[in-house]
Amino acid sequence: MNKVWEETSFIMKKYHIKANKSLGQNFLINENVIKEIINSSQIEKQDCVIEIGPGLGTLTKELLEKAGKVISIELDKKMLPILKERFSLYKNFELINKDILKVDLKKLIEEKKNEGLKNIKIVANLPYYITTPIIMKLLEEKLDIQSITVMVQKEVADRLIAIPGKKETGAITYTVYYYAKGEEILEVSKDSFIPEPEVTSKVIKLNIRKKPEVNIKSPKIMFRIIKCAFMQRRKTLLNALVNTKVFLNKEEGTKILKELNLDINIRAEKLTLEDYAKITNLVLNNMKN
């Protein structure tokens, strides 16, 4: 008998809880998946774990046994009394009722580091409708974190951990690769949840790099160029960047691509991160001249 399923069903009945579709709630009931998430997170007693969207607290329970501190950030007010009652005896549990996108994580992490906690790790079963903004926030704010272990929709997971220029590459692939090294942990079937989602899920881990993967004068401009390239991904890179005014005209674009030994008919998803870094540096040099 699945203990997690029994426990989840009991809690849902006790508190009259139904999964909130608008918040992307699907409650995890697969014990093996929970073990894999915990094991791959490599949590130790000197770690502080920030858990995004704890829901009924299925993952929280296991995290509390491993970590020095667990900060669970939950938006749904209906979950608060459940989490407070479940973990009232745990001194290492802290609950924040807020939208993760509005939390000052830099300040929160600084406070926890000052309390003597060594590493900050993110663990979450992310709501699928808001996965990308959350991942972007965690990476772009350059937080003092060691890793991000999350469960997301399989299709999104594949883009997040792809190697730029290879299969599954999307605009976000380059941002993630710049800040972190991704790895696949495991695929998760639909029947691992109550209620079952419409898509297959995947657990991935992003290990934050100590220094960015490429040397670039302006990461902000590089990511804007990548975004422009993927806005018209059915076109060639040259046409996409001319149409979005990254290149002043076809002549300038052709010259830059030839200088970098890139085919002038190449498409956005075929470039490496280093290719985009070189294009960015040449565009910036042309702007100065």
Side-chain angles (χ1 to χ4, degrees), residues 28 31-75 83 86-87 90-96 98-127 130-152 156-157 160-161 172 175-186 188 201-213:
L28 182 60
E31 291 180 69
N32 292 328
V33 174
I34 291 163
K35 280 177 189 169
E36 281 290 339
I37 293 172
I38 298 300
N39 290 341
S40 60
S41 304
Q42 295 176 305
I43 298 158
E44 297 173 351
K45 276 298 175 189
Q46 69 265 38
D47 295 339
C48 171
V49 173
I50 297 175
E51 184 191 17
I52 302 165
L56 301 173
T58 307
L59 261 180
T60 319
K61 182 183 174 187
E62 304 302 323
L63 291 170
L64 285 164
E65 297 295 338
K66 298 272 186 183
K69 181 91 176 180
V70 176
I71 302 167
S72 295
I73 302 172
E74 177 58 62
L75 177 62
L83 294 164
R86 265 194 103 172
F87 307 120
Y90 285 87
K91 291 180 181 177
N92 59 336
F93 177 63
E94 188 177 326
L95 182 61
I96 296 173
K98 215 167 182 181
D99 179 347
I100 183 63
L101 296 177
K102 294 174 183 172
V103 176
D104 186 344
L105 288 173
K106 214 158 216 172
K107 186 182 173 190
L108 183 65
I109 288 166
E110 203 175 296
E111 285 171 3
K112 298 310 155 193
K113 286 264 183 171
N114 288 338
E115 288 174 16
L117 290 155
K118 191 180 174 187
N119 301 311
I120 311 292
K121 295 172 180 176
I122 309 284
V123 179
N125 176 7
L126 290 181
I130 203 171
T131 296
T132 301
I134 293 173
I135 294 289
M136 294 300 278
K137 174 185 171 75
L138 296 174
L139 295 174
E140 289 182 331
E141 289 187 4
K142 296 173 188 171
L143 303 168
D144 186 6
I145 56 178
Q146 195 174 64
S147 62
I148 302 168
T149 306
V150 289
M151 177 150 52
V152 297
V156 176
L160 291 173
I161 61 171
I172 196 171
T175 308
V176 173
Y177 195 77
Y178 178 79
Y179 290 111
K181 191 174 181 184
E183 61 176 301
E184 178 180 333
I185 305 302
L186 83 158
V188 184
S201 306
K202 191 174 270 190
V203 179
I204 60 170
K205 186 177 183 183
L206 306 178
N207 297 292
I208 306 301
R209 298 185 192 277
K210 290 196 169 27
K211 63 175 188 174
E213 183 63 2

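Between the side chains of Y90 and E65, a donor-acceptor pair is found at a separation under 3.5 Å.
V152 is not listed as a side-chain neighbour of I134, based on a closest heavy-atom distance of 4.5 Å or more. In this structure the side chain of L143 never reaches within 4.5 angstrom of the side chain of I122, judged on heavy atoms. Under the 4.5 Å side-chain criterion, counting only non-hydrogen atoms from C-beta, L105 is in contact with I100. The side-chain heavy atoms of L138 and I208, taken from C-beta on, include no pair separated by under 4.5 Å. Residues V176 and I161 have side chains not in contact (no heavy-atom distance under 4.5 Å, counting atoms from C-beta outward). Looking at V49 and S41, their side chains never come closer than 4.5 Å, going by heavy atoms from C-beta outward. Using a 4.5 Å heavy-atom threshold, the side chains of Q42 and K205 count as touching.
No donor-acceptor pair closer than 3.5 Å links the side chain of K121 to the backbone N or O of D47. With N39 contributing its side chain and E36 its backbone, the two residues share no donor-acceptor pair below 3.5 Å. Judged by distance alone, the side chain of N92 and the main-chain N or O of L64 form a donor-acceptor pair under 3.5 Å. Not a single donor-acceptor pair under 3.5 Å links the side chain of D144 to the backbone N or O of I109. At least one donor-acceptor pair under 3.5 Å links the side chain of K106 to the backbone N or O of E141. Formation of a donor-acceptor pair under 3.5 Å by the Q46 side chain with backbone atoms of G68 is not found in this model. Between the side chain of K181 and the backbone N or O of L206, no donor-acceptor pair lies under 3.5 Å.
Looking at every heavy atom in both residues, T60 comes nearest to F93 through CG2-CE1, 3.7 Å. Looking at every heavy atom in both residues, E183 comes nearest to N207 through OE2-ND2, 3.0 Å. Closest of all the heavy-atom pairs between E74 and G55 is OE1-N, 2.8 Å. In terms of heavy-atom proximity, L28 sits nearest to T58 at O-CG2, 3.7 Å.
For the atom pair CG of L160 and CD1 of I204, the computed distance is 4.5 Å after rounding to the nearest 0.5 Å. Taking CD1 of I130 as the start and CG of L75 as the end, the distance is 8.5 Å to the nearest 0.5 Å. Here CD1 of I185 is found 9.5 Å from CD1 of I37. Values are rounded to the nearest 0.5 Å. With rounding to the nearest 0.5 angstrom, the CD1 atom of I96 is 15.0 Å from the NZ atom of K102. Distance check, rounded to the nearest 0.5 Å: CD of E115 to SG of C48 gives 8.0 Å. Remark: I71 CD1 to E51 CD distance equals 11.0 Å, nearest 0.5 Å.
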Quiz prompt | Step-by-step side-chain contact (heavy atoms from CB on, under 4.5 Å) determination, V103 to I50 | solution = CA-CA 12 Å; V103 176; I50 297 175; over 6 Å; no
Quiz prompt | Stepwise side-chain contact (heavy atoms from CB on, under 4.5 Å) test for L139 and I148 | solution = CA-CA 10 Å; L139 295 174; I148 302 168; 4.1 Å; yes
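Within a 6.0 Å radius of NZ in K45, other residues, nucleotides and ligands contribute more than 12 heavy atoms. With a 6.0 Å radius and a threshold of 12 heavy atoms from other residues, nucleotides or ligands, K66 has its NZ atom at or below the threshold.
Under a 4.0 Å N-O distance rule, the pair K69/E94 qualifies as a salt bridge. Using a 4.0 Å cut-off between a side-chain N of Lys or Arg and a carboxylate O of Asp or Glu, K107 and E110 do not qualify as a salt bridge.
Cation-pi geometry between R209 and Y178 is not met at under 6.0 angstrom from the ring centre and within 45 degrees of the axis.
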